[in-house]
Participant: 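To start, I am sharing the structure in question, which I have written as structure tokens.
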Amino acid sequence: MNKYWSETIKGIAPYVPGEQPRAGRLVKLNTNENPYPPSPEVLNAMKAAVTDKLRLYPDPNCSRLRETASRHYGIPAEQIFAGNGSDEILAFCFKAFFDPGDTILFPDITYNFYEVYAKLFGVSYRTVPLTESFDVPVDRFFTNNDGIILANPNAPTGKAIPLENIEALVKRNQQAVVIVDEAYIDFGGETSIGLIPKYDNLLIIRTFSKSRSLAGLRIGLAMGHSSLIEALIRVRDCINCFTVDWIAQAGAIASLEDTETFTRNIQTVIATRSRITSLLRQAGFEVVDSSTNFLLISHPRAEADSLNEALRGQNIFVRLFPRPRIDKYLRVTIGTDEEMDILYEALLGLVRGTQ
């Protein structure tokens with residue numbers, strides 16, 4: 001351990017992203033990327049943005065992107081913030097809305113970055129246990145707190161929270177900001193964007209990494225009351241006001257404008273998810289109901305870590321979470337139909353060997 005490290009860094013366990021294997025031919029289902037390419041218009045727009053304009057700093061306010069998002073989501077541009085990925089926006093949220101010593105709430109099984117950021121920024125937290133079926137018990141959040149963070153649909157469980165439950169939670173906690181991370185909302189569930197005009201304590205975060213096939217571009221949006229957006233801008237401008245480059249802004253704008261490609265890719269992923277869920281359940285797997293582009297699966301006769309290693313031996317990569325309550329499950333990203341068929345046949349062969 002480096003003697004020059006801060007005490008915070010010495011005591012923190014950083015977020016561990018999914019492995020990015022570099023082998024040749026493999027089936028990569030471990031990082032919830034979209035298996036289909038982004039809109040051709042995205043690539044065209046990004047190529048067109050590569051000009052001598054790159055000698056200039058990008059628009060720090062991402063004005064065109066926010067105006068495009070405003071038309072797409074029906075939210076005024078001044079109520080939209082653009083950042084370098086939703087994870088960066090989440091980090092800004094911790095500085096914008098929570099003070100050291102505050103206590104925030106989030107589920108015990110959820111996106112691990114919430115815990116990492118809480119520790120990094122010195123914010124206390126309490127976790128609220130999910131039910132046995134991995135649902136979020138909204139009434140357990142009706143308690144004293146200085147903020148709430150929820151992923152809807154949740155990750156890594158894949159389960160969606162009904163809109164009426166989100167509204168009840170926001171309404172009962174108007175003393176604090178409620179952040180709803182909608183990274184996977186396009187694959188199922190019901191967005192909370194329509195609640196923004198009613199509640200000034202609601203902030204919604206979106207990413208272009210999943211449904212828009214732009215994980216490599218790093219684009220995220222936040223939507224909420226203009227006072228919340230102003231707080232995010234203040235944090236950004238204390239760190240790096242030029243967070244989103246010209247090329248990324250151009251690609252994000254084109255993605256929002258091409259609804260046909262977006263809709264087609266979403267529908268294809270959902271259809272594949274439904275088909276593979278049915279096949280796995282028929283084969284004896286437990287599959288948690290999913291409103292995302294991934295599945296949480298287990299088998300009564302096969303240990304998750306053994307399945308994971310065996311799949312790796314066949315160049316099939318899925319995700320294992322060695323954490324209480326979900327350590328018996330594998331998280332499987334929805335790939336192409338061909339990739340899911342390869343996974344399915346591999347899993348069948350492995351569980352047959354346990355009989």
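Remember, it's a predicted structure, so these values are computed and weren't measured experimentally. Numbering starts at 1 and runs along the sequence shown. The basis for the numbers below is simple: all heavy atoms, side chains too, and nothing from hydrogens, waters or symmetry mates.
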Participant: Taking the side chain as C-beta and beyond, is there a heavy-atom pair between Asn265 and Ser213 under 4.5 Å?
Facilitator: yes

Participant: So, for Asp289 and Lys159, which heavy atoms are closest and what is the spacing to 0.1 Å?
Facilitator: O-CG, 3.5 Å

Participant: Minimum heavy-atom separation for Glu339 and Pro35, please, with both atom names.
Facilitator: OE1-CB, 4.2 Å

Participant: Salt bridge between Arg212 and Asp186, side-chain N to carboxylate O under 4.0 Å?
Facilitator: no

Participant: Would you say that more than 12 heavy atoms from the other residues, nucleotides or ligands in this model lie under 6.0 Å from the CD of Glu303, or not?
Facilitator: no

Participant: Is Lys28 salt-bridged to Glu33, cutoff N-O under 4.0 Å?
Facilitator: yes

Participant: Do the charged groups of Asp59 and Arg64 touch, with an N to O distance under 4.0 Å?
Facilitator: no

Participant: Do Glu7 and Lys10 sit within salt-bridge range, that is, some charged N less than 4.0 Å from a carboxylate O?
Facilitator: yes

Participant: Between Tyr111 and Phe106, does the ring centre distance come in under 6.0 Å?
Facilitator: no

Participant: Taking all non-hydrogen atoms of both residues into account, name the closest pair between Met46 and Gly251 and its distance.
Facilitator: CG-CA, 3.6 Å

Participant: Under a 4.0 Å threshold between the charged nitrogen and the carboxylate oxygen, would Glu286 count as salt-bridged to Arg281?
Facilitator: no

Participant: For a quick test of reading the model, state the closest non-hydrogen atom pair linking Leu330 to Ala304 and the distance between them.
Facilitator: CD2-O, 3.5 Å

Participant: Side chains of Gln175 and Asn173: closer than 4.5 Å at any heavy-atom pair?
Facilitator: yes

Participant: Taking the six-membered ring of Phe81 as reference, does the cationic atom of Arg236 (NZ for Lys, CZ for Arg) lie under 6.0 Å from its centre and within 45° of its axis?
Facilitator: no

Participant: Could you tell me whether the side chains of Thr110 and Asn154 share a donor-acceptor contact shorter than 3.5 Å?
Facilitator: yes

Participant: Taking side chain as C-beta onward, heavy atoms only, is Leu29 less than 4.5 Å from Phe317?
Facilitator: no

Participant: Do Asp108 and Arg325 sit within salt-bridge range, that is, some charged N less than 4.0 Å from a carboxylate O?
Facilitator: yes

Participant: Between Glu167 and Leu195, is there a donor-acceptor pair closer than 3.5 Å when you use the side chain of the first and the backbone of the second?
Facilitator: no

Participant: For the residue pair Tyr125 / Glu115, report whether a side-chain donor-acceptor contact shorter than 3.5 Å exists.
Facilitator: yes

Participant: Determine whether Tyr114 and Asp181 make a side-chain contact, defined as any pair of heavy atoms from C-beta on separated by less than 4.5 Å.
Facilitator: yes

Participant: Taking all non-hydrogen atoms of both residues into account, name the closest pair between His299 and Gly284 and its distance.
Facilitator: CD2-O, 3.6 Å

Participant: Hydrogens and angles aside, do Asp135 and Ser133 bring a side-chain donor and acceptor to less than 3.5 Å of each other?
Facilitator: yes

Participant: Is Ile80 reachable from Leu214 through a run of hydrophobic residues whose side-chain heavy atoms are each under 4.5 Å from the next?
Facilitator: yes

Participant: Taking the side chain from Asn34 and the backbone from Tyr36, do they hold a donor-acceptor pair closer than 3.5 Å?
Facilitator: yes

Participant: Between the main-chain N or O of Leu163 and the side-chain N or O of Asn165, is there a donor-acceptor pair closer than 3.5 Å?
Facilitator: no

Participant: Can Arg319 and Thr333 be said to form a side chain to side chain donor-acceptor pair (under 3.5 Å), step by step?
Facilitator: CA-CA 9 Å; Arg319 191 84 187 265; Thr333 303; over 6 Å; no

Participant: Would you call the rings of Tyr329 and Phe134 parallel, tilted or perpendicular, where under 30° means parallel and over 60° means perpendicular?
Facilitator: perpendicular

Participant: Give me the atom names and distance for the closest heavy-atom approach of Phe97 to Asp102.
Facilitator: O-OD2, 4.4 Å

Participant: Would you say Phe262 and Leu256 make side-chain contact, with heavy atoms under 4.5 Å?
Facilitator: no

Participant: Kindly indicate whether the side chain of Cys93, heavy atoms from C-beta on, has any atom under 4.5 Å from the side chain of Leu232.
Facilitator: yes

Participant: Side chains of Thr207 and Tyr184: does their closest heavy-atom pair fall under 4.5 Å?
Facilitator: no

Participant: Does any part of the side chain of Ser211, heavy atoms only, come nearer than 4.5 Å to the side chain of Asn293, both counted from C-beta?
Facilitator: no

Participant: Is the shortest side-chain N to carboxylate O distance from Arg71 to Glu67 below 4.0 Å?
Facilitator: no

Participant: Can you see whether Thr261 engages Asp258 through a side-chain donor-acceptor pair at a distance of less than 3.5 angstrom?
Facilitator: yes

Participant: Salt bridge check: are Asp337 and Arg275 linked by an N-O gap of less than 4.0 Å?
Facilitator: yes

